[in-house]
Amino acid sequence: MDIDILKSYIPLYKDALFLTMKIGWQGILLSLILGLVGAAVLHFKVPVLKVITGIYIEIFRNTPLLVQLFFIYFALPKVGVKITAETCGVLGLGMLGGAYMIETIRSGLESIPVIQTESALSLGMTKEQTFIHVILPQAISMSVPGLLANVIFLLKETSVFSTISLMDLMFTAKDLIGMYAKTIECLFLLVLFYLIMLLPVSILGAFVERRMRYGQFGD
Amino acid sequence: MSELLKVTHLQKKFGDNVVLKDINLSVKKGEVVVIIGPSGCGKSTFLRCLNGLEEIQDGVIVVDGLPVEAGKREITKLRQKIGMVFQSYELFPHKTVLENIILAPMKVQKRSKDEATKEALELLDKVGLVDKKDYYPRQLSGGQKQRVAIVRALLMHPEILLFDEVTAALDPEMVHEVLETMLALAKSGSTMLIVTHEMSFARAIADRILFLDKGEIVEESNDAKSFFIQPTTERARKFLKTFAYE
Amino acid sequence: MSELLKVTHLQKKFGDNVVLKDINLSVKKGEVVVIIGPSGCGKSTFLRCLNGLEEIQDGVIVVDGLPVEAGKREITKLRQKIGMVFQSYELFPHKTVLENIILAPMKVQKRSKDEATKEALELLDKVGLVDKKDYYPRQLSGGQKQRVAIVRALLMHPEILLFDEVTAALDPEMVHEVLETMLALAKSGSTMLIVTHEMSFARAIADRILFLDKGEIVEESNDAKSFFIQPTTERARKFLKTFAYE
Amino acid sequence: MANLGIDVLFKGTNFLRLLQGLWVSVEISLVSVAISIILGLLVGVLMTLNKLWLKAILKIYLEIVRIMPQMVLLFIVYFGTTRVFGWDITAEAAAIFVFSFWGVAEMGDLVRGSIKSIPKIQFESAYALGMDKKQTYFYIILPQTIRRLIPLSINLITRMIKTTSLVMMIGIVEVLKVAQQIIEANRKASPNAAFGVFAVVFLLYFIVCWPISRLAVYLEKRWA
Amino acid sequence: GSSDNSAATLDAGTTDSSKETGSAAGFRTLDEIKESGTINIGVFSDKSPFGYVDENGEYAGYDVYFAERIGKDLGVEINYVSTEAANRIEYLQTGKVDIILANFTVTEERAQEVDFALPYMNVALGVVSPSDAVVESLDDIGADDQVIVISGTTAETYLTKNYPDIKLQKYDAYAEAKTAFENGNGVAWANDNTEVIAFSIENEGYTVGIPSLGDNDTIAPAVTKGNETLLTWLNDEITSLGDEQFFHADYEATLLDTYGADYEDTLVVEGGKVQ
Ligand SMILES: Nc1ncnc2c1ncn2[C@@H]1O[C@H](COP(=O)(O)OP(=O)(O)OP(=O)(O)O)[C@@H](O)[C@H]1O
Ligand SMILES: Nc1ncnc2c1ncn2[C@@H]1O[C@H](COP(=O)(O)OP(=O)(O)OP(=O)(O)O)[C@@H](O)[C@H]1O
Ligand SMILES: [Mg+2]
Ligand SMILES: [Mg+2]
């Protein structure tokens with residue numbers, strides 16, 4: 001491996017990391033919002049919306065992100081909706097992530113015993129108060145390991161952003177290999193930067209999971 | 001008006017399965033009514049109907065002059081008049097003891113945090129748990145949890161208290177501390193409907209005993225002592241026998 | 001040799017926490033010993049030591065002439081001499097009632113499927129469950145599950161049966177049917193060690209009562225009736241009081 | 001936009017090739033999942049044993065799989081093994097290796113979770129019946145674990161199918177690559193072929209993955 | 001001082017070891033290929049009209065036409081390997097293909113990694129833009145405007161090196177780049193002039209404002225570094241094919257449809273000699 005080459009590539013990877021993180025985290029935020037709303041819709045069995053949410057989940061969970069992005073970025077402009085690549089990345093990742101987040105939060109919601117709802121109701125709380133103060137906080141903390149796994153999954157999925165001209169980590173690596181043919185150096189930096197991006201999340205995940213297990217069993 | 005609860009011709013079905021048939025009951029202020037009966041006879045369902053957790057198919061339930069109608073908006077008003085404690089697992093695990101207790105007074109009755117906290121601490125003190133106020137439910141024993149649940153219900157100043165087998169999931173010694181708390185409430189004049197399998201406790205606390213079987217009130221007695229010694233119906237006699245050996 | 005079980009100077013610690021201190025006990029063939037005591041006093045731990053589910057720190061346990069040593073290869077041999085039934089949830093959920101019962105006889109004792117099935121059906125018939133033989137555990141009531149668990153233990157032809165609060169998780173009527181099964185076993189001469197919180201049952205079945213508190217045998221009585229009326233130690237008296245009201 | 005280029009698919013053997021490409025994706029996924037389940041069971045059991053060094057190794061393995069982009073793994077396995085060891089493995093073998101490497105870790109973790117979620121009393125009542133460790137795992141614990149696992153591993157199949165598009169990096173021609181080939185070969189005649197072809201690819205993925213994930217939901221409900 | 005030293009040492013180390021593996025298992029000599037009866041050739045499978053797969057699943061295109069001839073003259077079967085821009089060098093360095101014939105532009109950087117044979121095609125850069133806003137000089141491009149390029153192409157390398165201020169919008173594949181260009185995501189598209197010219201011919205409303213840019217590059221077959229026997233054979237082959245005007249025939253068979261007759265002499269390099 002050539003250290004000078006590594007040095008000269010690092011700024012490019014750093015830019016890519018920032019872009020990946022920027023789009024990644026915005027997309028994840030969007031997916032969390034979608035996840036919460038969707039899970040609430042399913043939880044309260046809101047008429048019509050419930051069906052739409054179901055279809056949305058099935059479509060986005062059963063097709064690759066690549067193909068989804070392709071449609072948002074290349075097909076929508078043909079019918080007059082034009083969005084920048086970044087917006088598209090955020091939107092695509094958010095929509096895909098939303099489908100996964102809904103499922104995770106929903107299974108968190110389902111794991112909360114009915115008696116919790118009933119005892120809140122018998123204290124005179126409304127359905128909405130019960131959901132916000134009693135059910136949701138518990139469901140979220142039950143879902144945290146799952147949510148973090150989704151976050152890692154989504155950050156890794158950013159690798160298909162190259163399709164829509166976003167210079168993410170993966171694209172930077174492929175691009176540099178194509179131009180200058182320093183395969184080993186490029187892949188080494190790719191792994192390194194993925195580590196920088198994902199290791200903290202992964203460690204956090206392990207930590208939270210352990211804490212939750214303690215929480216469940218007492219001390 | 002000393003009649004707090006009036007149930008007339010109550011019928012409850014799950015699908016085609018009639019779980020409660022033509023129940024009639026009237027409870028006066030300060031009365032302690034104990035409901036006993038075999039498993040699956042409809043005891044829990046009955047209590048759940050009373051505070052609108054279940055929709056009823058026929059009949060009328062009136063609490064303190066207001067009709068109970070599940071699903072209606074006003075049901076939350078009504079539920080504030082009715083405190084309910086379940087078998088277990090009902091404390092909110094993500095909130096401390098104190099937070100569990102003051103949540104509903106603050107959110108539902110819009111009482112100030114200070115005022116709610118003050119009263120909560122007084123009540124916790126009465127049941128001997130004031131030093132546990134910042135504990136989380138998982139750090140409490142089963143008996144302590146149930147006493148907190150009772151305090152939580154009390155802080156809403158309900159007119160009637162409903163207890164559904166509150167000791168069924170507890171170890172024997174903890175059973176005792178919870179039942180003592182309920183006895184104290186009875187003495188202080190609370191109106192209560194209690195479902196229990198603890199026969200000696202039922203005998204000690206009841207002003208009135210209802211024996212429910214297959215969704216019907218089979219026997220009703222204002223004299224708990226004599227009911228347990230000499231029930232008038234054959235079904236009650238058979239039921240009581242399952243609690244004895246030899 | 002009529003002495004089936006002999007425990008001398010048994011000590012069990014969890015870390016630094018001494019859970020059982022210097023327990024001595026000898027059980028003869030055909031005897032029914034009931035162990036009672038407050039929650040956490042070490043009853044379950046004691047039974048678990050007896051069949052090597054827990055390692056002990058000091059003392060000797062001998063079953064039918066063989067020493068119990070947790071972790072050793074021979075422990076599986078020894079466990080065949082000891083049948084154990086727990087509080088609940090111990091039937092294998094992926095196997096039917098019959099499969100649950102004949103699995104160990106076939107795999108551990110290498111008995112033929114036909115022979116094991118034949119005996120299983122006889123025993124199931126005795127506890128009134130032969131028609132449920134192809135049910136899965138989730139299709140049974142709690143009481144039925146516990147009776148199957150007892151049959152499962154019996155089919156291994158154990159010398160001693162250990163029961164750890166087998167009715168604690170059951171509804172009262174189901175308690176009855178399980179305890180009846182155990183009474184029948186006692187009458188047929190089985191050697192049993194029973195941990196229970198059902199005092200009237202303990203009184204009915206026990207040849208001997210052990211009262212355990214804080215890991216020690218505080219009182220031992222060969223006369224169950226008089227123990228329950230007039231225990232000699234203060235601790236036992238206090239414990240028994242928690243089962244009465246008024 | 002009247003011509004969306006679907007007609008391109010009916011030229012020559014185009015559609016057949018697309019299906020063959022899809023089969024490549026499905027085949028790699030199925031083989032990998034089969035390997036993942038078998039080895040994953042083993043790894044999962046190992047993960048529950050109380051051996052510190054074993055736990056550490058498996059933890060590191062799991063983290064590597066979680067963090068490393070699959071494309072890097074593909075590159076390393078396909079080209080790296082040749083560079084370092086001089087092995088000339090086929091691209092399919094490399095792909096199956098990488099997908100299994102990923103799958104075994106994921107399955108192992110799922111197995112560990114499922115075993116952990118089986119109540120301790122299940123082990124103890126088996127021991128109390130005189131069964132030894134091996135018998136207990138074989139007859140009692142694993143059968144219960146597998147039931148919980150099957151729905152989860154089915155989900156893994158769909159995730160793998162969706163990830164197979166990466167194998168084009170090592171020269172395997174799967175459905176997406178075929179799609180690109182078709183689009184490029186017909187760029188002149190139907191410039192909009194991209195839409196039609198990608199729409200069909202989208203649909204194909206959905207047709208394959210959707211029933212599989214429904215099956216998972218069904219089994220999950222049945223065995224819950 | 002010291003960092004230079006360590007870099008130098010590292011560099012030397014790498015070269016040594018790559019030499020070692022190179023001679024051990026890195027490539028197959030001409031004789032070994034002949035003996036085995038099959039040659040592995042890496043081509044594009046989605047870059048019409050140079051290397052692509054036709055509707056019957058057969059490889060075709062300008063590069064493939066040449067590859068077929070190589071197979072015939074060597075007397076061996078051809079095993080085509082579908083490559084991507086990013087893995088062409090890796091294929092050679094690990095010996096997984098014998099020759100890369102995937103529209104491989106000769107550059108200095110690449111020449112350090114692989115050995116190029118004599119060229120068989122010219123390539124220059126061109127820039128196409130919408131007819132109502134033709135870009136005629138790269139200096140016209142505004143600070144916020146983006147130029148579309150395809151990752152791994154010489155256009156990308158050239159612009160990165162010579163016009164570092166121009167914002168590039170990079171795509172992996174041709175189809176995507178073109179769609180984005182049609183959607184108006186960039187002010188211009190820079191690529192091999194062959195491509196942009198073809199695009200302006202086929203699509204109304206686009207003009208090639210800059211038909212030729214920078215140096216003229218060439219496209220050549222590449223082999224694993226150090227594979228002398230194969231390289232020599234390829235060079236001889238290309239030279240002798242010049243006598244029969246083979247690459248002109250190749251052009252007429254595969255590129256004529258796209259570019260018409262006008263570009264034949266500009267594009268084709270015959271006998272390995274650039275005019
Ligand atoms: N949500 C439900 N859907 C259908 N049937 C139900 C439902 N809840 C209860 N039941 C049925 O209604 C009957 C009465 O149940 P209920 O829980 O009120 O009995 P119980 O007297 O409280 O018994 P236990 O002493 O075991 O608590 C039972 O037959 C039960 O199966
Ligand atoms: N695995 C363990 N690790 C540490 N301490 C334990 C463990 N199991 C039991 N203990 C402790 O040992 C003591 C005795 O527990 P044990 O379960 O034997 O009580 P018990 O008499 O069976 O109570 P109960 O009537 O509630 O079943 C308790 O203080 C308990 O906290
Ligand atoms: Mg009930
Ligand atoms: Mg115990």
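A, B, ... follow the sequence lines: proteins, then strands. Residue 1 opens every chain.
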A quick test of your reading: do over 12 heavy atoms of other residues, nucleotides or ligands sit less than 6.0 Å from [atom1] of [X]?
X	atom1	answer
E/Y263	OH	no
D/Y61	OH	yes
D/L52	CG	no

Heavy-atom distance under 4.5 Å to chain D: side chain of E/E84, backbone, both or neither?
side chain
Using non-hydrogen atoms and a 4.5 Å limit, figure out which bit of D/I182 sits close to chain E: side chain, backbone, both or neither.
neither
Hey, is the main chain of D/Y78 close enough, under 3.5 Å, to the side chain of E/K96 for a donor-acceptor pair?
yes
Would you say E/Y91's side chain and D/I170's backbone share a donor-acceptor pair under 3.5 angstrom?
yes
Here the gap from D/F75 atom CZ to E/T94 atom OG1, rounded to the nearest 0.5 Å, amounts to 9.5 Å
At what distance, to the nearest 0.5 angstrom, does CG of E/N87 lie from CG of D/L74?
11.0 Å
What are the two closest heavy atoms between [X] and [Y], and how far apart are they?
X	Y	value
E/G57	D/T13	N-OG1, 3.8 Å
E/S45	D/K177	OG-CE, 3.3 Å
D/R17	E/D54	NH1-O, 2.9 Å

